[in-house]
Number of protein chains: 2
Amino acid sequence: MATIYDVAAQAGVSIKTVSRVMNAEPNVRAETRERVHAAAASLNYHPNLSARSLAGSKSYLIAAFVDAKLTIEHWRNERGTDYLARIQLGATMPCREAGYHFLVELVDHNTAPMRQEVSNLLAALKPDGVILTPPITDNDIVLELLRGAGTPYVRLGPEQPDGGGLRLRMDDRAAARGMTDHLVALGHRRIGFIEGEQRYGSSHSRRDGFLESMAAHGLKSACMFVGDYTYQSGIEGGREMLSGNARPTAIFASNDDMALGCMAAAGELGLEIPRDVSIAGFDDSTGSRFSRPQLTTLRQPIVEMAALAACALIAGEVRPDCDEDAHFDFPSFTLVPRLSTARPGKV
Amino acid sequence: MATIYDVAAQAGVSIKTVSRVMNAEPNVRAETRERVHAAAASLNYHPNLSARSLAGSKSYLIAAFVDAKLTIEHWRNERGTDYLARIQLGATMPCREAGYHFLVELVDHNTAPMRQEVSNLLAALKPDGVILTPPITDNDIVLELLRGAGTPYVRLGPEQPDGGGLRLRMDDRAAARGMTDHLVALGHRRIGFIEGEQRYGSSHSRRDGFLESMAAHGLKSACMFVGDYTYQSGIEGGREMLSGNARPTAIFASNDDMALGCMAAAGELGLEIPRDVSIAGFDDSTGSRFSRPQLTTLRQPIVEMAALAACALIAGEVRPDCDEDAHFDFPSFTLVPRLSTARPGKV
DNA sequence: CTGAAAGCGCTTACAG
DNA sequence: CTGAAAGCGCTTACAG
């Protein structure tokens, strides 16, 4: 394989000049530049990443650190949980265009070897930037190691504001408000709400958004149920809300899995959706697209956030020590109206 | 960050000895080895991948080359096509255990810049092994470049036997035979078959397997329909087969998308599945798990094949020039019986 | 606008 | 069982 020396010899210049041309640096005569390009092309020369990384300050690597257990579970389940696929889609494109490589690294969240694992990743790979996904995005040890290594990082969907890095998250509260507004606009007045796992900040934000919208419309919530983001808890919530007398005409579950469970509960009770009750979810999961009827839900801008993260990291806009003003509530959630919501009492 | 020199100094040995210990090479006294380990641990030393790669013959990188257009489409569609997720699951685990890193590279199949793109990938990354997925797995230019670079490669689901590399594929014919046997065992005699895109070898293998089983049971196929692996063609095939008089009691579509289309056609015609007609697919796609009723299908051992591929590559068992005897029909397909098939004329 | 020298952090090939 | 030397293919820092 051709090296920088071969190209330099063929073009009749020094390797430094070849380096300048390959990196599109200034201060090379147009004619020289062309000669180098021609030599590189004829020799089919491509710079070696390891050498560039070792000699220089860039590795041309962007890594995503994802929770090992969760990710493996999702891959195994094959229920089409496509969070990671969306991250890959968003991050891969800008990386490719900039000559970077994107790789996914599994991290054993909250286990003994995690510190070693992450240290090794950082020292071995020396990535130019790291994208963190929940729950790693809030892991103090990982954040500390990242800062220690001086590696810029972007935190996707963080719960805690401390910990540095560029923080990118959807405005859960505004999104929940938006969905509630949608239900009210359809004519619903008695609306039930199923909360998620209380340990997650998103649960509280979504509930607050719901309550804000209800209050803004002068409505009292029909009923609240505390679930835990699982299908099973959605069934339970649905049963409780729908078996009473003054049952809500609409239920907003704060994630799709619970909404799907809720639909199952409605089916058990002989209720038809959306004729007897409208049901809305949150996440735009794969399952929401396969349910019958298809589920009205909220889509997080995962692809867009991952793309922004990669771009910011590549551009070097993320200082590893940025602590203030690096929080960005991504406004662009998308309400995805499908067939599980309609006007109350209507087919 | 600590380097090999720091460790050597602290342990009172040469860097060569540190290198030996870090790579678990023989010929180091147990006591020396321990001293080095202690020094490495106390300095939180982790070898730099770029330096290892540049100096040595290994990059500790395994790459999967996947079709850019197809992959982006799957990521975008979010219908839960989890082929790539299964590859990642299978390949990531052995890589992780062996200290390798796995990365996915998009390749613009059959476009002008492809040659440059792949050359660059090979020269820049110098991966120790490459896993190819369809349709890249049969791309002559990619195969030629791989051989030229001396990079070992594994071809997943190849259609053409030439092209070298370790070839791993499911025995489509045996699998189709297995599914047909299943339908016959349930009591079906008039069985329809929907073929896939004729340009793909898998279409022919699956059809042949079906016909073999039918012949072995002394049955004539009720009808054949040539589809193209799309949902739409499944609808068309279903309509044609199910609207006639002597309609089949079971239809075997050679992939899940067509089987799902076929189910939709049955629904249009007022037929209930599996009471009026049994329907079977092929792939165990995400959609097959979300359909109602859930689809009986065949599962390809993608995870297992990817794992085997990664292991073989890491172990250096794949010689880049292996041409004979490197073809392996993976026998372990799995028949996944679900609710869309039953005894004929039975609920 | 161009180049000579040094060095990044390791492994290889060899010597003892 | 251990180490000194050379070199992998680039970029950095500097000189001109």
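- In this structure, the CG atom of B:Asn48 is 18 Å from the P atom of C:dG7, given to the nearest Å.
- Between B:Glu144 and B:Arg115 there is a salt bridge, with a side-chain nitrogen of the basic residue lying less than 4.0 Å from a carboxylate oxygen of the acidic one.
- Along DNA chain D, the nucleotide nearest B:Gly56 and the nucleotide nearest B:Val13 are compared for position; the residue whose nucleotide lies closer to the 5' end is B:Val13.
- Contact annotation for A:Ser53: no contact, since no heavy-atom pair falls under 4.0 Å across all strands.
- For C:dC10, the base has a donor-acceptor partner in the side chain of B:Tyr5 [N/O atoms by modelled type, under 3.5 angstrom].
- Dashed line: the shortest gap from a side-chain N or O of B:Ser57 to OP1 or OP2 of C:dT12 is under 4.0 Å.
- Taking only side-chain atoms of A:Tyr45, from C-beta outward, the nucleotide of D:dG3, D:dC10, C:dG9 with the closest atom is D:dC10.
- Mapping B:Arg52 and A:Val28 onto DNA chain C by nearest heavy atom places A:Val28 closer to the 5' end of the strand.
- Here the side chain of B:Ser19 is nearest to one of D:dC10, C:dT11, C:dG3, namely C:dT11.
- Atom-to-atom, CD1 of A:Ile4 to P of D:dC8 comes out at 13 Å; the value is rounded to the nearest Å.
- Closest to the side chain of A:Lys16, out of C:dC10, D:dG9, C:dG3, is C:dG3.
- A donor-acceptor pair shorter than 3.5 Å can be found between the side chains of B:Ser50 and A:Ser53.
- Across all strands, B:Ser50 comes closer than 4.0 Å to no nucleic acid atom at all (heavy-atom distances).
- Note: CG (A:Leu49) to P (D:dC10) measures 11 Å, nearest angstrom.
- A straight line from CZ of B:Arg20 to P of D:dC1 spans 11 Å, rounded to a whole angstrom.
- Taking atom OH of B:Tyr60 as the reference point, atom P of C:dC10 lies 12 Å away to the nearest angstrom.
- If you check distances only, the side chain of A:Arg29 never reaches the base of C:dT2 with a donor-acceptor pair under 3.5 Å.
- Ion pair A:Glu304/A:Arg86 not flagged as a salt bridge, since none of the NZ, NE, NH1 or NH2 atoms sits closer than 4.0 Å to an Asp/Glu carboxylate oxygen.
- In this structure, A:Ile15 places its CD1 atom 9 Å from P of D:dT11, rounding to the nearest Å.
- The partner of C:dA4 is absent, by the rule that a Watson-Crick or G-U pair needs both atom distances under 3.5 Å.
- Using the Watson-Crick or G-U wobble rule with both distances under 3.5 Å, D:dA13 pairs with nothing in any strand shown.
- Checked against A:His46 for a side chain to side chain contact (heavy atoms under 4.5 Å, CB included), the options A:Asn48, A:Leu49, A:Asn44 give a single hit: A:Asn44.
- Salt bridge B:Arg167/B:Glu159: absent, no basic N to carboxylate O contact under 4.0 Å.
- Atom-to-atom, CG of A:Asn27 to P of D:dA15 comes out at 17 Å; the value is rounded to the nearest Å.
- Nucleotide D:dT12 holds its C1' atom 12 Å from the CG atom of A:Leu54, rounded to whole Å.
- By the 6.0 Å and 45° rule, A:Arg96 does not stack over the aromatic ring of A:Phe102.
- You'll find that the side chain of B:Ser14 is closest to D:dG3, out of C:dC8, C:dA4, D:dG3.
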